[in-house]
A.B. asks: 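Before we start, here is the structure in question, set down as structure tokens.
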4 protein chains.
Amino acid sequence: MTAAVRAATVAALTEHGWNGLAVEDVAARAGVNKTTIYRRWGGREALVADLLLAAADQGTALPDTGTLRGDLAAFTRQVRDALVAPANRALLSTLAAGGPDSSLAELGRGYWAARFARARPMVERAVDRGELAAGVDADALIVRVVGPVWFGVFGPGTAVDDAFVEGCVEIVLAGTAATGRR
Amino acid sequence: MTAAVRAATVAALTEHGWNGLAVEDVAARAGVNKTTIYRRWGGREALVADLLLAAADQGTALPDTGTLRGDLAAFTRQVRDALVAPANRALLSTLAAGGPDSSLAELGRGYWAARFARARPMVERAVDRGELAAGVDADALIVRVVGPVWFGVFGPGTAVDDAFVEGCVEIVLAGTAATGRR
Amino acid sequence: MTAAVRAATVAALTEHGWNGLAVEDVAARAGVNKTTIYRRWGGREALVADLLLAAADQGTALPDTGTLRGDLAAFTRQVRDALVAPANRALLSTLAAGGPDSSLAELGRGYWAARFARARPMVERAVDRGELAAGVDADALIVRVVGPVWFGVFGPGTAVDDAFVEGCVEIVLAGTAATGRR
Amino acid sequence: MTAAVRAATVAALTEHGWNGLAVEDVAARAGVNKTTIYRRWGGREALVADLLLAAADQGTALPDTGTLRGDLAAFTRQVRDALVAPANRALLSTLAAGGPDSSLAELGRGYWAARFARARPMVERAVDRGELAAGVDADALIVRVVGPVWFGVFGPGTAVDDAFVEGCVEIVLAGTAATGRR
DNA sequence: GGGTAACCGAGACGGTACGTCCCGTCTTGAA
DNA sequence: TTCAAGACGGGACGTACCGTCTCGGTTACCC
């Protein structure tokens, strides 16, 4: 049943977005009674929270190519692929749909903390290999690389192809080396 | 009356986000009848569209410091300031709240087209000054600079202070020069 | 619309009794939206209250045969006929369905006050004619005559035929005269 | 446990009436699981049926004063006292709450049959003593005496004091003797 | 300067979804 | 075997907003 509700939530979220996500609709799609969802999850937000937790837990394997450049390129492509998938798009755009004090925002903080914790080893390995100076701000580096992809997808709708993604990686690496910024 | 409705929409949007934006609430705040809003605007989305058009039209003046670095730094700081303002935050996060085929998405495309058209002269001036090679993709450059700021605010909630903003500018400029990427 | 809702309420009440009277059912029968009933009436009790008010207002004409015996007999037969009609049965049994402090009870007090006020002239005319001593308690007299009919119908289900009704009248008249009780 | 459930049913019935009598509420009050009530009784109606059976079985002792007048007066006072007790009021008003074809009605028929069977010897003794003609309709006599009390309590809310009760008895006795009606 | 058209306030309505309460059924595990 | 514990499908509750409609009253414009 849990799986059916999750699948139904994804489907409904993909079709109608965070607005238009109706508990009754999810219940009907999942072949489950509305009350059951309120009992076991507790509302629209909890349904999405459940999806996010599942997504943050499993996710894709962190790439390990041997070089920071290769890792970042593969990782950013993973992110790009995830963002353009309609199901994930709807899920992630939900995170930005609430004000900073909403319960969705709290949800988002947890999600992002888990997400960055999973990606951080990639940078730490590069430090161990001597590719980056010790003390580099791993999170800021990731934000700088992933940010343009994220913005391109959710903002102006830029075509985020492989060339763009690799450009993000190379520019940040070169720029970081040149400016010495962390 | 138009002004009152706009102000009420901003207030309601800031308080409750795109969800929770109720036409009746806006009407009550503005001291206007619900019917009038449906007549003159046409629904929740149209209220937000009106705000976005107004925002895209006026906005802040494009900085002109004489150097690309200075322009981009000032511009990105403007963007940062705009994003952290609650009213704008709610307004802009609304754009990402719909699926790619929703009417909100169409709205977003228009908004971003106008926004980038307003910012593009900044890059073109740099080309004229010889700071950038002719044929550089102005939009991609802007996305690369602004993206991390946007992502930091709407995503993990990174502290986007002046140092971070200037880092975005310098890294992209240095990286672009080093890699020759457009 | 008001008429349709009233008719639907009577039908639903007759079929399922006070319990089982569902607002949604009434709305569906009347071809009206549920919300409209909540707006214009305000719930199950209000629907019944509306029926009672209508019933108390119109009702049947008070008999005027020229003698107290004839009046009471005709009146009690009217009451009997009303009680055995399924629609009225359900409506009136509703009055007894709540505790003495429920809102139904308050409703009942108003109904009975109106009902007795309408019947009282019958007794007063008899006093004017000299058939009854001045100062007789009209309400108590009516209760004594009507009570067995009411109880017979709502209680043990006694066969309340014309003979029984007329017996109620004659016994009370004779007994009242013999004992001098008011 | 049976006793606890019965007590809880009486309490709940007194507080909230037949409507508002929730099995879950009774179970919680009795410290018993909901399922148990459904197994051992079988629903709301069965709970009330159980109470009625118990009430019909035990009840108060039938008065035996030596005269019909004394017996009827004592009996009717007992009835009056029972009716005004909130617990009994709620229980008995339940009987009238259903349509004539409901299962509550069937329940009521059984209850009244038992009740009248218990009271009938009072009249039969009077016949044996010669106070009443043989062949008098005992049930009708009881209905005539008790009816006004019942109606006064459940209907208009008449003050049913001892004087009223005794009036009912005397008038019916005198009237019956005068008219010769059974 | 008076008709007329446009606009607004007011409010009722059909409708969807909300989140809750209680129903009656079922399964599982402990006594 | 009986009961406690608790999940579930289900029906109705009463509420909030949605978007539409009709009705009057004002304003303003144009003949």
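Please read all numbers here as calculations on a predicted model, not as lab measurements. First the proteins, then the strands, lettered A, B, ... as listed; each starts at 1.
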A.B. asks: Specify the separation, in whole Å, of atom CG of A/N33 and atom P of E/dC21.
C.D. replies: 15 Å

A.B. asks: Reading DNA chain F from 5' onward, which residue's closest nucleotide shows up sooner: D/G31 or A/G31?
C.D. replies: D/G31

A.B. asks: Within this structure, what is the CH2-to-P distance between A/W41 and F/dA7, rounded to whole angstrom?
C.D. replies: 12 Å

A.B. asks: To the nearest 0.5 angstrom, please state how far the CG atom of C/L51 sits from the CG atom of C/L107.
C.D. replies: 10.0 Å

A.B. asks: Report the residues that fulfil side-chain hydrogen bond (donor to acceptor under 3.5 Å, both in side chains) with C/T35, sequence neighbours left out, ordered by chain and then residue number.
C.D. replies: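 side-chain hydrogen bond (donor to acceptor under 3.5 Å, both in side chains) list for C/T35, sorted by chain: C/N33.
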
A.B. asks: Mind checking what makes side chain to side chain contact (heavy atoms under 4.5 Å, CB included) contact with A/N88, not counting sequence neighbours?
C.D. replies: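 Partners of A/N88 under the side chain to side chain contact (heavy atoms under 4.5 Å, CB included) test: A/A82, A/A85.
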
A.B. asks: Taking the nucleotide of DNA chain E with the closest heavy atom to each, which residue, A/Y38 or C/R40, is nearer the 5' end?
C.D. replies: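 Nearest-nucleotide comparison on DNA chain E picks C/R40.
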
A.B. asks: Can you name the side-chain hydrogen bond (donor to acceptor under 3.5 Å, both in side chains) partners of C/D50, sequence neighbours left out?
C.D. replies: C/R6, C/W41

A.B. asks: Roughly how far apart are A/L95 CG and B/S93 OG, rounded to 0.5 Å?
C.D. replies: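 Here the interatomic distance stands at 11.5 Å.
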
A.B. asks: Taking atom P of E/dT20 as reference, at what distance in whole Å does atom CD of C/E24 sit?
C.D. replies: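 Result: 18 Å.
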
A.B. asks: Does any pair with a residue in residues 31-48 of chain D pass salt bridge (charged side-chain N to carboxylate O under 4.0 Å, His left out), and if so which ones, sequence neighbours excluded?
C.D. replies: D/E24-D/K34

A.B. asks: Give each protein N/O atom lying under 3.5 Å from an N/O atom of nucleotides 21-24 of chain F, with the pair distance.
C.D. replies:
none

A.B. asks: Check every atom of F/dC18, F/dA5, E/dC22 against the side chain of D/A22 and return the nucleotide holding the closest atom.
C.D. replies: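 For D/A22, the side-chain atoms sit closest to E/dC22.
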
A.B. asks: Checking contacts here: which listed nucleotide (F/dC13, E/dG19, F/dT20) is nearest the side-chain heavy atoms of C/K34?
C.D. replies: F/dC13

A.B. asks: If you only use heavy atoms from C-beta on, which nucleotide in E/dG9, F/dC8, F/dA5 is closest to the side chain of A/T36?
C.D. replies: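 Minimum distance to the A/T36 side chain belongs to F/dC8.
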
A.B. asks: My understanding is that only residues two or more places apart in sequence, or in another chain, count here; which of them pass side-chain hydrogen bond (donor to acceptor under 3.5 Å, both in side chains) with B/W150?
C.D. replies: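 Checked B/W150 against side-chain hydrogen bond (donor to acceptor under 3.5 Å, both in side chains); zero matches.
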
A.B. asks: Round to a whole Å and report the spacing from CH2 of C/W18 to P of F/dC13.
C.D. replies: 11 Å

A.B. asks: Rounded to whole Å, please give me the gap between CD in C/E45 and C1' in F/dC13.
C.D. replies: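 For the pair C/E45 CD and F/dC13 C1', the rounded distance is 13 Å.
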
A.B. asks: Rounded to whole angstroms, how far apart are CG on D/L21 and P on E/dC23?
C.D. replies: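 So the two atoms are 8 Å apart, to the nearest Å.
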
A.B. asks: Rounding to a whole Å, what distance do you find between D/R44:CZ and E/dC21:P?
C.D. replies: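 So the CZ-P distance, D/R44 to E/dC21, works out to 18 Å.
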
A.B. asks: How long is the line joining CD1 of B/I37 and C1' of E/dC7, in whole Å?
C.D. replies: 15 Å

A.B. asks: Any idea which of E/dG24, F/dG9, E/dC13 is nearest the C/M1 side chain?
C.D. replies: E/dC13

